[in-house]
> 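The structure follows.
Atoms considered below: every heavy atom in the structure, side chains included; atoms not considered: hydrogens, waters and symmetry mates.
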Amino acid sequence: MATLRQLEYLVTVVDTGSFTQAAEQLHVTQPALSHQIRALESSLGGPLLERLPRAIRPTPMGRAVLPHARAALAEARRLHTAARRTAGLEGGELEVATVYSVSLGILPPVLRAWRRQHPGVRIRLREFAHADRLQAAMAAGQADLAVGPSPAGWEGPVRDLGVEEFVIVLPGDDPLAGEPPGPLALVELADRAWVRYAPANGLADILDQACHQAGFSPGTAVHAEQTSAAPLLAAAGLGPALVPANIVPPDFDGLLRPPDPPIRRTLTAYTRTRPDLLTTTFADLLASQACVVPAHIRALAAVPDSAPSH
């Protein structure tokens, strides 16, 4: 059976691309390192590394094993961190993973409240452009807790935080500014060039799907690499943008219109296994403090009081 030490050796060899550098980093002799890699290959039933003249690369079996090796090592690190936590809330580190828009619109006030209540606990934030990458990272053991859209087929605990609204952003002097406020059908903007997201950003999928359902494909004025840039570019007049409403501040000088029909998604907090006290405490604070639909957006979108907003 593979040991954590052998998995660490494998990951280090792959990351450094060299047995010599890996041995130096691990403070072991190269023969000892090679012996442990051979023992691991024997245990798993095949070669894991291909030894090229000037490089080391994983074999197909090695590539299949690597994600599990990394996850096992990350879980072991978290185990040791949890063991070192005194009362569970006085020290240590909590790793939180999320998507870009949530780190912009949801997490800052939650992290501020956490810092006041638990100043001895460090937060390490990992951000991802797409919900699929967030879920894959969580499954690979890269964080204690994930905050993002509902994970598909997730087997661990999932906690709903609320349903977020999306809004259309236009410049303040847009011709539509003179019309009565209220929901705006996307098809009315079918002839516009849009502020779109980079293809790897999960919000790009949401815009494309919404426009497809409205019967058109959005034209492109510009691709925004950063989620935070989309509303600013739209307000500057480059084209309409579809953004999570909670990333738009109350004093925003652009024109905001809720789409018709509404575009929404459920946000959740989820973990792989039964969470420890520190993770549970953070999830409780997140559920009580997370403002999924801010007050100025609730009034704009006429969200009913029964809708979860936290």
Side-chain angles (χ1 to χ4, degrees), residues 97-106 126-139 146-154 160-171 174-176 182-248 252 254-268 270 292-294 297 300-301 303 307:
T98 190
V99 290
Y100 290 153
S101 62
V102 170
S103 67
L104 289 169
I106 304 292
R126 299 181 184 273
E127 299 174 274
F128 296 89
H130 200 288
D132 290 347
R133 292 185 60 193
L134 169 65
Q135 183 172 339
M138 190 65 187
V147 187
S150 300
W154 191 254
D160 282 357
L161 300 177
V163 179
E164 71 174 348
E165 297 279 337
F166 281 73
V167 293
I168 301 167
V169 182
L170 297 162
D174 191 272
L176 291 173
L184 176 65
L186 288 182
V187 71
E188 294 189 37
L189 303 171
D191 61 346
R192 306 266 192 115
W194 286 70
V195 174
R196 301 178 66 182
Y197 299 94
N201 192 313
L203 297 180
D205 298 338
I206 293 176
L207 173 62
D208 289 347
Q209 291 168 9
C211 292
H212 177 75
Q213 291 174 0
F216 70 96
S217 296
T220 304
V222 62
H223 277 110
E225 291 288 340
Q226 299 182 16
T227 301
S228 58
L232 301 177
L233 294 172
L238 273 73
L242 183 69
V243 307
N246 48 54
I247 74 170
V248 181
F252 187 70
L255 174 65
L256 304 181
R257 296 285 292 273
D260 182 20
I263 299 172
R264 297 168 175 150
R265 66 176 177 178
T266 299
L267 294 181
T268 63
Y270 57 97
V292 177
V293 183
I297 299 299
L300 173 73
V303 179

> What are the two closest heavy atoms between Ala200 and His130, and how far apart are they?
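So the two residues come closest at O-CB, 3.6 Å.
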
> A side-chain contact here means heavy atoms from C-beta on lying under 4.5 Å apart; do Val243 and Val167 qualify?
yes

> After noting the C-alpha distance and the side-chain angles of Phe128 and Gln135, does the key distance pass the side chain to side chain contact (heavy atoms under 4.5 Å, CB included) rule?
CA-CA 10 Å; Phe128 296 89; Gln135 183 172 339; over 6 Å; no

> Rounded to the nearest 0.5 Å, how far apart are CZ of Phe216 and CG of Leu189?
6.5 Å

> SG of Cys211 to CD1 of Ile206: how many Å apart, nearest 0.5 Å?
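Interatomic distance, Cys211 SG to Ile206 CD1, rounded to 0.5 Å: 12.0 Å.
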
> Minimum heavy-atom separation for Ala234 and Pro240, please, with both atom names.
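Heavy atoms of Ala234 and Pro240 come nearest at CB-C, 4.3 Å.
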
> Is a side-chain N or O of Arg196 found less than 3.5 angstrom from the main chain of Pro218, in a donor-acceptor match?
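Looks like yes, one N/O pair under 3.5 Å.
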
> Calculate, to the nearest 0.5 Å, the distance between atoms CG and CD1 belonging to Leu186 and Ile168 respectively.
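So the CG of Leu186 and the CD1 of Ile168 are separated by 4.5 Å.
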
> Taking all atoms of both residues into account, what is the closest heavy-atom pair of Leu134 and Ala146, and its distance?
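Nearest pair, atom of Leu134 first, then Ala146: CD1-CB, 4.0 Å.
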
> Any non-hydrogen side-chain atom of Leu255 less than 4.5 Å from a side-chain atom of Val169?
no

> Can you check side chain to side chain contact (heavy atoms under 4.5 Å, CB included) on Tyr197 and Leu242, steps first, answer last?
CA-CA 10 Å; Tyr197 299 94; Leu242 183 69; 5.5 Å; no

> Which pair of heavy atoms, one from Ala210 and one from Ile263, lies closest together, and at what distance?
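Scanning both residues, the minimum pair turns out to be CB-CD1, 3.5 Å.
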
> Mind checking whether Thr98 and Ile106 have side chains closer than 4.5 Å, heavy atoms only?
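With C-beta onward as the side chain, the pair stays apart.
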
> Is any side-chain heavy atom of Ile297 closer than 4.5 Å to one of Phe166?
no

> Where is the tightest heavy-atom contact between Leu233 and Ala224, given as atom of each residue plus distance?
CD1-CB, 4.2 Å

> Does any part of the side chain of Leu203, heavy atoms only, come nearer than 4.5 Å to the side chain of Val99, both counted from C-beta?
no

> Give the C-alpha distance, both sets of side-chain angles, the deciding distance and a yes or no for side chain to side chain contact (heavy atoms under 4.5 Å, CB included) between Ile247 and Tyr100.
CA-CA 10 Å; Ile247 74 170; Tyr100 290 153; over 6 Å; no

> One pair to check against side chain to side chain contact (heavy atoms under 4.5 Å, CB included): Thr268 and Trp154. What are the steps and the verdict?
CA-CA 12 Å; Thr268 63; Trp154 191 254; over 6 Å; no

> Just how far is it from atom CD of Glu127 to atom OG of Ser101, taken to the nearest 0.5 Å?
10.0 Å

> Whether the Thr227 and Asn201 side chains hold a donor-acceptor pair (N or O, under 3.5 Å, no angle test) is what I'd like checked.
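On atom types as modelled, these side chains qualify, holding a pair under 3.5 Å.
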
> I need the Asn246 CG to Glu164 CD distance, nearest 0.5 Å.
5.0 Å

> Measuring from Gln226:CD to Leu104:CG, what's the distance to the nearest 0.5 Å?
9.0 Å

> Does a salt bridge link Asp174 with Arg257, judged by any charged N lying under 4.0 Å from a carboxylate O?
no

> State whether the number of non-hydrogen atoms from other residues, nucleotides or ligands found under 6.0 Å of Arg133 atom CZ is greater than 12.
no

> For Gly254 and Ala235, which heavy atoms make the closest approach, and how far apart are they?
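Taking every non-hydrogen atom into account, CA-CB, 4.1 Å.
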
